[in-house]
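Encoded as structure tokens, the structure appears first; notes follow it.
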Number of protein chains: 4
Amino acid sequence: MQSSSPAGRAGRPRSAAADTAILAATRDALVDLGWSKLTLGDVATRAGVAKTTLYRRWAGKNELVVDAVGELFDELELPDRGSLAADIEGVVLQFAAILARPEAKSGLMAVVAESTHDAALRERIRTSIVERQKRLVLEGRARAQDRGELPPEPDAAEAARTADLIFDMVAGAVVHRTLVSAEAASGDWVRSLTQVLLWGLTSRPAESAGGWAQGGGPGGGAPW
Amino acid sequence: MQSSSPAGRAGRPRSAAADTAILAATRDALVDLGWSKLTLGDVATRAGVAKTTLYRRWAGKNELVVDAVGELFDELELPDRGSLAADIEGVVLQFAAILARPEAKSGLMAVVAESTHDAALRERIRTSIVERQKRLVLEGRARAQDRGELPPEPDAAEAARTADLIFDMVAGAVVHRTLVSAEAASGDWVRSLTQVLLWGLTSRPAESAGGWAQGGGPGGGAPW
Amino acid sequence: MQSSSPAGRAGRPRSAAADTAILAATRDALVDLGWSKLTLGDVATRAGVAKTTLYRRWAGKNELVVDAVGELFDELELPDRGSLAADIEGVVLQFAAILARPEAKSGLMAVVAESTHDAALRERIRTSIVERQKRLVLEGRARAQDRGELPPEPDAAEAARTADLIFDMVAGAVVHRTLVSAEAASGDWVRSLTQVLLWGLTSRPAESAGGWAQGGGPGGGAPW
Amino acid sequence: MQSSSPAGRAGRPRSAAADTAILAATRDALVDLGWSKLTLGDVATRAGVAKTTLYRRWAGKNELVVDAVGELFDELELPDRGSLAADIEGVVLQFAAILARPEAKSGLMAVVAESTHDAALRERIRTSIVERQKRLVLEGRARAQDRGELPPEPDAAEAARTADLIFDMVAGAVVHRTLVSAEAASGDWVRSLTQVLLWGLTSRPAESAGGWAQGGGPGGGAPW
DNA sequence: TTTTAACCGAGACGGTACGTCCTGTCTTATT
DNA sequence: AATAAGACAGGACGTACCGTCTCGGTTAAAA
């Protein structure tokens with residue numbers, strides 16, 4: 001977050017422990033108080049740090065919360081579970097598990113809401129949080145293409161558009177389920193989501209319009 | 001004979017105009033200031049109303065914003081465009097148009113974030129905003145079943161689960177596209193989203209795993 | 001308080017009981033709350049009366065308190081105890097007894113303080129409270145002159161000046177003792193006050209300067 | 001070994017200038033508005049200080065006004081004018097001059113009225129205002145005893161009682177004259193007051209009861 | 001009688017001030 | 001130069017009263 005000050009010299013160096021303590025204290029405060037009742041003075045107290053120290057490193061509450069919440073997404077990774085469906089389910093479950101934590105719940109949408117009036121904050125969210133997630137979509141597709149589960153992309157622009165769509169659908173669905181519908185993204189739910197996505201992306205309807213597939217799909221029971 | 005005023009009686013009645021002015025002022029302030037900088041004192045001033053009048057009717061900023069934003073969704077309706085796909089596209093475009101308005105952008109996610117710490121607020125959001133949207137999913141499915149585009153539901157519980165999934169996917173995708181990815185939900189994007197959804201829900205993959213549909217779908221070009 | 005309305009005609013007449021109840025409620029509130037925390041809404045509630053009724057009869061808190069406290073001084077009278085000294089002591093004790101009541105304590109000085117910025121209020125205090133007290137000084141002197149304890153006044157202007165001085169000294173001393181020194185105006189204290197006053201007004205020093213009276217006064221022991 | 005900072009000092013020290021500015025602003029506001037219309041927010045604005053700074057140092061309006069008014073009495077002193085009568089007149093005139101100032105008029109009685117419901121405030125008034133005045137009575141008497149104008153006190157308790165009586169009479173009379181009778185304590189008035197007091201304290205009546213001194217006193221003209 | 005006008009209770013209204021809390025900056029002494 | 005501590009200017013909070021204004025309804029004298 002700060003430069004390693006190669007030639008930065010005189011004076012007492014910044015405490016590295018302070019950063020860690022402040023971000024952890026921020027997450028604690030988010031759990032206890034939620035975003036709107038979280039105050040920087042309280043975070044400083046929880047971290048055992050003076051308010052000035054906090055302001056020296058972050059411009060304000062939004063930036064601090066973005067960094068504190070962004071750290072949670074560091075643990076996201078794409079394990080190889082053998083098939084595209086399994087890979088997707090795995091990573092969606094990871095994402096859902098993070099979103100289920102109260103510090104993420106409280107903080108994430110709040111800073112997104114703030115970002116509608118603050119382009120710099122929007123960019124910070126993009127780099128700290130969103131890109132870490134979106135990368136998994138691209139890696140997952142590439143791995144599926146390597147496996148032969150998906151065809152290679154003929155058109156780069158179209159490929160990017162599709163990746164964006166998938167990302168918005170997956171992340172949006174999980175966020176909406178967790179925060180708005182306020183229900184857990186269970187294994188069953190994730191399985192259904194994955195199924196609809198994969199079928200939607202890899203299939204063609206039995207008839208171009210007006211009909212529907214008859215007969216059981218895998219696991220029995222169509223989603224409708 | 002008793003007076004026809006069973007409940008509402010003594011004292012000066014509340015001004016109906018005040019409610020309207022306050023909600024409009026709230027939306028104005030959301031546009032100008034965003035959620036976190038919006039103050040109830042400022043809203044009262046904009047509405048030409050005393051702060052006490054505002055507090056007499058709403059418990060706080062969250063409740064006020066929910067009602068102010070909720071009104072935006074009153075205009076949502078399900079026009080009959082002749083086919084399920086067209087109906088979906090139409091309603092999603094309406095939803096996207098509302099979300100594109102800055103007062104919705106700023107307010108909606110903020111109150112959702114707040115609701116993670118406030119069950120009463122969550123319930124208010126559900127009844128004021130979410131149910132108005134979800135109703136359209138149910139109506140759309142019923143209409144498609146009337147048309148014969150979709151089969152009737154054999155299992156009510158399963159039907160409800162599916163409706164929830166669709167709703168979270170559609171609403172979540174639009175919200176995520178608009179607020180997180182910060183890009184407009186254009187006609188093309190909505191068309192792609194609809195296509196994936198419908199195919200995902202009405203089709204079966206050509207092979208249960210490992211392959212992909214070859215040959216042209218309608219309009220040619222798979223979404224990947 | 002209101003005119004007997006010889007020609008004032010139509011309409012429901014004001015409730016006489018309300019006046020009584022309001023003034024009594026005002027004194028109760030003064031006891032419980034003191035002047036600064038007394039609110040007209042609370043007085044109205046205590047009196048079982050609507051706030052509008054109160055405002056229809058008094059212009060504000062100050063006027064109301066002046067009337068409520070002024071009633072306390074209605075009971076002041078000048079009993080004939082046989083001598084000037086005894087008369088003075090008697091009336092001073094009455095005055096002290098009234099001032100000892102918490103509703104008088106709290107209210108009296110407060111409205112006096114307010115009157116420094118409000119000439120109309122000052123006049124109201126004068127007619128409602130001060131003149132009722134000052135009258136006793138004049139009556140007492142007249143009675144003492146009838147008895148032959150005091151000489152007749154040769155000069156009317158000088159007589160008025162002296163009455164004012166006595167009044168300020170007596171009332172001022174009792175008020176200061178009660179409110180500022182916060183001690184009771186006991187019988188002994190009143191006796192000493194009366195003694196100093198009477199001696200000061202009726203005697204001449206033994207020598208014009210530099211000496212003092214030796215030998216026992218009544219009760220023995222000079223006040224110094 | 002401990003640090004040499006026994007009373008501890010961490011943090012920015014309080015601004016000494018703020019105290020001065022706040023008390024002066026309080027007196028200004030008393031002049032302009034009177035006690036009841038004086039608001040701490042306005043005082044803070046006048047002093048060029050934030051409201052929090054004011055509340056950090058004073059518990060409320062009463063305490064602030066006591067200190068602001070109390071400072072006025074710092075200038076009271078007992079000049080040696082050669083005789084007891086002249087000393088008394090001098091100090092009473094000083095006291096009257098202070099009371100004639102609108103900031104004292106408005107503030108003094110208001111806080112006294114408040115003190116009837118607040119023991120801590122009463123004590124604060126005693127130490128900040130009353131004792132500064134009463135001290136002069138004691139010094140004046142001691143000086144007169146040194147001069148031989150008054151006899152020494154045989155009984156300490158009696159001496160204290162007498163000093164209290166004198167103080168209540170003098171201060172009470174001046175206050176009553178100034179605030180209740182709303183007339184200036186002129187030189188003539190002060191002279192008369194002093195005369196009554198001295199004669200009352202140092203003389204014996206010509207007859208123990210029922211008569212009055214005939215013939216002119218010094219300066220001619222009996223007070224009646 | 002019926003009118004009529006002033007009264008009454010209740011309570012909403014536009015305002016103002018309250019005393020508290022938080023923000024982001026600053027001024028200390030210390031490390 | 002960074003730190004802990006805490007004072008500072010500023011501003012919003014949510015509450016309490018102010019004094020005014022509508023309401024529906026009552027009350028007694030005038031018509």
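Just so it is clear: chains get the letters A, B, ... in the order the sequence lines come, proteins before strands, and each one is counted from 1. Because only heavy atoms are used, hydrogens play no part in the values below, and waters and symmetry mates are left out as well, while side chains stay in.
What separates CG of A:Asn62 from P of E:dC22 is a distance of 17 Å, to the nearest Å. At whole-Å resolution of the value, CZ in A:Arg57 and C1' in F:dT3 are 10 Å apart. Nucleotide F:dC13 holds its P atom 11 Å from the CG atom of B:Leu64, rounded to whole Å. Computed from coordinates, the B:Trp58 CH2 to F:dC13 P distance equals 16 Å when rounded to whole Å. Rounding to whole angstrom units, CH2 of residue A:Trp35 and P of E:dC22 are separated by 14 Å. As a whole-Å value, the separation of B:Lys51 NZ from E:dG14 C1' is 13 Å. A:Lys61 has its NZ atom 13 Å from the C1' atom of F:dA12, to the nearest Å. Atoms CG (A:Leu54) and C1' (E:dC26) sit 17 Å apart, rounded to a whole Å.
Within the nucleic acid shown, D:Thr52 comes within 4.0 Å of at least one base atom, counting heavy atoms only. Residue contacts shown for B:Gly48 are limited to sugar-phosphate atoms, with no base heavy atom under 4.0 Å away.
Using a 4.5 Å heavy-atom threshold, the side chains of B:Asp28 and B:Glu103 count as separate.
Along DNA chain E, the nucleotide closest to D:Gly41 and the one closest to D:Pro13 are compared, and the more 5′ of them pairs with D:Gly41. Map D:Ser15 and B:Thr39 each onto its nearest nucleotide of DNA chain F; the residue landing nearer the 5' end is D:Ser15. With the nearest nucleotide of DNA chain E identified for both D:Lys37 and B:Thr53, B:Thr53 has the one nearer the 5' end.
Contact of C:Arg14 with E:dC7 (side chain to base): no donor-acceptor pair of N or O atoms is detected under 3.5 Å. One N or O donor and one acceptor, one from the side chain of D:Arg12 and one from the base of E:dC26, sit under 3.5 Å apart.
With respect to B:Asp118 and B:Arg122, no salt bridge is recorded, no charged nitrogen being found less than 4.0 Å from a carboxylate O. Look at A:Lys61 and A:Glu114 and you find no salt bridge, because none of the NZ, NE, NH1 or NH2 atoms lies under 4.0 Å from a carboxylate O.
Across every non-hydrogen atom of A:Ala110 and B:Ala113, the tightest pair is N-CB, 3.5 Å.
Considering only side-chain atoms of A:Tyr55, the nucleotide from F:dA4, E:dG24, E:dA10 that sits closest is E:dG24. Closest to the side chain of D:Arg56, out of F:dC18, F:dT15, F:dA7, is F:dA7.
Annotation: the span from A:Lys105 atom NZ to B:Ser115 atom OG amounts to 9.5 Å, rounded to 0.5 Å.
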